[in-house]
Amino acid sequence: MTQPLLEIRNVSKTYATPEGGSVQALKGVSLDITQGEFIVLLGPSGCGKTTLLRTIAGLEYPDSGEILLDGARIDDKPAYARPVNTVFQSYALFPHMSVAENIAFGLEMEKLSKEEIAQRVETTLIQIKLTGYGRRKPSQLSGGQQQRVALGRALIKGPRVLLLDEPLSALDLKLRRGMQVELKRLQQDTGITFVFVTHDQEEAMSMGDRIAVFSEGEVVQLDTPREMYRNPANRFVADFIGETNLFPCEIHAGVVSINGQVVPVQSLAENAIIGENGSSVVAIRPEDLIITQNQGILAGVVRDVIFTGSAVRVHVTIGSEEVVAVLPSHGVSVPERGIEVQLGAIEGTIRVLAS
Ligand code: ADP
Ligand code: MG
């Protein structure tokens, strides 16, 4: 085993609130991050993502636990002594300074010659695709360009780890998609380890080598995007990552049934039964549902047929439940609204999860 670059060991952090209460933002978080990895911390608002980033950066100190870089503890060091830089969502640029001055500011603590600073600023401007913009003021740049300057200011220091806290969330969707691709390329080109925070599961899936899903101060699953999507560890992850149909089910002696209908073994995924308790659910991705006239597992009625361009979304009601099947928008027959259909699943796709 190669040694991880960054080790987060059992880190906990509780804040005192102004109201006199307390919030446990991190509950014994452990995470190993490899050199050169693009790791994404994903979770709903308030689950502790920013707190973990700030703890790695040295802007907060853990109540307990350790943080190691290259095997040596850094959690007791001040922020400036850690080879780690942060890019925040708010760009936090100095409005009265030029782009070049903003970027060079990151080097201020280091005593470097004017020539070397100028050269490194130039290299950074190339990296962030802002060559020729060095003399502009932040107010003369678009939002996306300002975010790149913030990125350049962090990159110029050559950090071992770059922490990014929802850096793209202020951008509109199209610009954001473009920046996602660019950031990913930049990370691959520089080989710097990125720890990237987002609450957007699509962004996490498209950027991360691995994703750590957080819920209420804990890591609930750490996996590659593919594994996470195909093999969610529990109901929370299945629901949070992508779209999933969740259906109450019963399990007796390893046999899974829905509304008294036995789910054929071949429809179940390998090691399908991950969680078994009083409130287990089956999880089926919309693209894994098959709509037939007969031989399905469940009978239902087509409620809506929605054309989205690349796909057709078919909503089917089964008693009081509703499921969504996603079909390709051409080349397959699409059922009409109001008709009775049977629903099956592609072989090996159904999972059983505990809540
Ligand atoms: P996220 O970045 O995932 O949205 P945060 O790490 O910012 O979550 O916050 C985790 C929890 O800690 C939230 O309940 C938040 O309200 C609380 N919290 C964050 N910072 C402070 C603080 N300085 N004082 C008190 N509570 C805080
Ligand atoms: Mg946050």
Side-chain angles (χ1 to χ4, degrees), residues 42-44 173 177 199-206 211 213 215 220-221 223 225-251 256-264 266-269 272-275 279-355:
L42 172 69
L173 187 63
R177 290 235 166 98
H199 63 268
D200 177 344
Q201 56 94 16
E202 212 176 300
E203 183 161 282
M205 296 272 276
S206 57
I211 302 172
V213 173
S215 173
V220 289
Q221 187 168 3
D223 254 319
R226 274 169 203 275
E227 258 309 293
M228 189 82 74
Y229 186 79
R230 289 308 335 162
N231 210 351
N234 60 21
R235 184 179 177 156
F236 174 81
V237 179
D239 214 16
F240 196 68
I241 302 265
E243 196 180 0
T244 310
N245 295 298
L246 297 171
F247 230 84
C249 68
E250 308 91 49
I251 309 168
V256 182
S257 31
I258 307 171
N259 292 348
Q261 286 281 334
V262 171
V263 176
Q266 64 267 26
S267 299
L268 295 175
I273 303 177
I274 295 169
S279 54
S280 293
V281 289
V282 293
I284 316 172
R285 295 289 185 194
E287 67 273 23
D288 294 334
L289 273 176
I290 298 170
I291 299 177
T292 66
Q293 293 308 324
N294 43 41
Q295 66 198 219
I297 305 167
L298 294 167
V301 176
V302 175
R303 177 77 203 275
D304 302 288
V305 178
I306 299 162
F307 178 73
T308 65
S310 58
V312 179
R313 297 171 58 81
V314 182
H315 292 240
V316 178
T317 49
I318 302 161
S320 58
E321 307 281 336
E322 182 165 322
V323 297
V324 178
V326 172
L327 308 176
S329 65
H330 59 89
V332 300
S333 71
V334 174
E336 273 173 46
R337 192 164 178 270
I339 69 161
E340 272 186 35
V341 290
Q342 299 252 325
L343 288 171
I346 293 177
E347 274 188 22
T349 55
I350 296 182
R351 281 168 206 291
V352 180
L353 306 171
S355 34

Find out whether [X] and [Y] are in side-chain contact, i.e. whether some heavy atom of one side chain is under 4.5 Å from a heavy atom of the other.
| X | Y | result |
| --- | --- | --- |
| Val352 | Ile251 | yes |
| Val324 | Asn245 | yes |
| Asp223 | Asn231 | no |
| Leu42 | Ile241 | yes |
| Cys249 | Val263 | no |
| Glu321 | Pro248 | yes |
| Phe307 | Val312 | yes |
| Asn259 | Ile318 | yes |

Is there a donor-acceptor contact under 3.5 Å from the side chain of [X] to the main chain of [Y]?
| X | Y | value |
| --- | --- | --- |
| Gln261 | Gly296 | no |
| Asn234 | Val237 | yes |
| Gln221 | Val213 | no |
| Arg313 | Asp304 | no |

Which heavy atom of [X] sits nearest to which heavy atom of [Y], and what is that distance?
| X | Y | answer |
| --- | --- | --- |
| Gly309 | Ser329 | O-OG, 2.8 Å |
| Ser215 | Phe236 | CB-CE2, 3.6 Å |
| Glu287 | Ile346 | O-CD1, 3.7 Å |
| Arg285 | Tyr229 | NH2-O, 2.9 Å |
| Arg337 | Arg303 | NE-O, 2.9 Å |
| Thr244 | Ala238 | OG1-O, 2.5 Å |

What distance separates [X] [atom1] from [Y] [atom2], expressed to the nearest 0.5 Å?
| X | Y | atom1 | atom2 | result |
| --- | --- | --- | --- | --- |
| Leu246 | Asp239 | CG | CG | 5.0 Å |
| Arg351 | Leu268 | CZ | CG | 9.5 Å |
| His315 | Ile306 | NE2 | CD1 | 3.5 Å |
| Gln201 | Met228 | CD | CE | 11.0 Å |

Strictly below 4.0 Å, N to O, side chains only: are Asp288 and Arg230 in salt-bridge contact?
yes
Counting only heavy atoms from other residues, nucleotides and ligands, does the tally under 6.0 Å from [atom1] of [X] exceed 12?
| X | atom1 | result |
| --- | --- | --- |
| Glu347 | CD | no |
| Glu336 | CD | no |
| Glu322 | CD | yes |

Practice prompt. Take Leu343 and Ile291 through the side-chain contact (heavy atoms from CB on, under 4.5 Å) test and state the conclusion after the steps.
Written response: CA-CA 5 Å; Leu343 288 171; Ile291 299 177; 3.7 Å; yes
Please walk me through it: do Val256 and Val282 pass side-chain contact (heavy atoms from CB on, under 4.5 Å)?
-> CA-CA 9 Å; Val256 182; Val282 293; 3.9 Å; yes
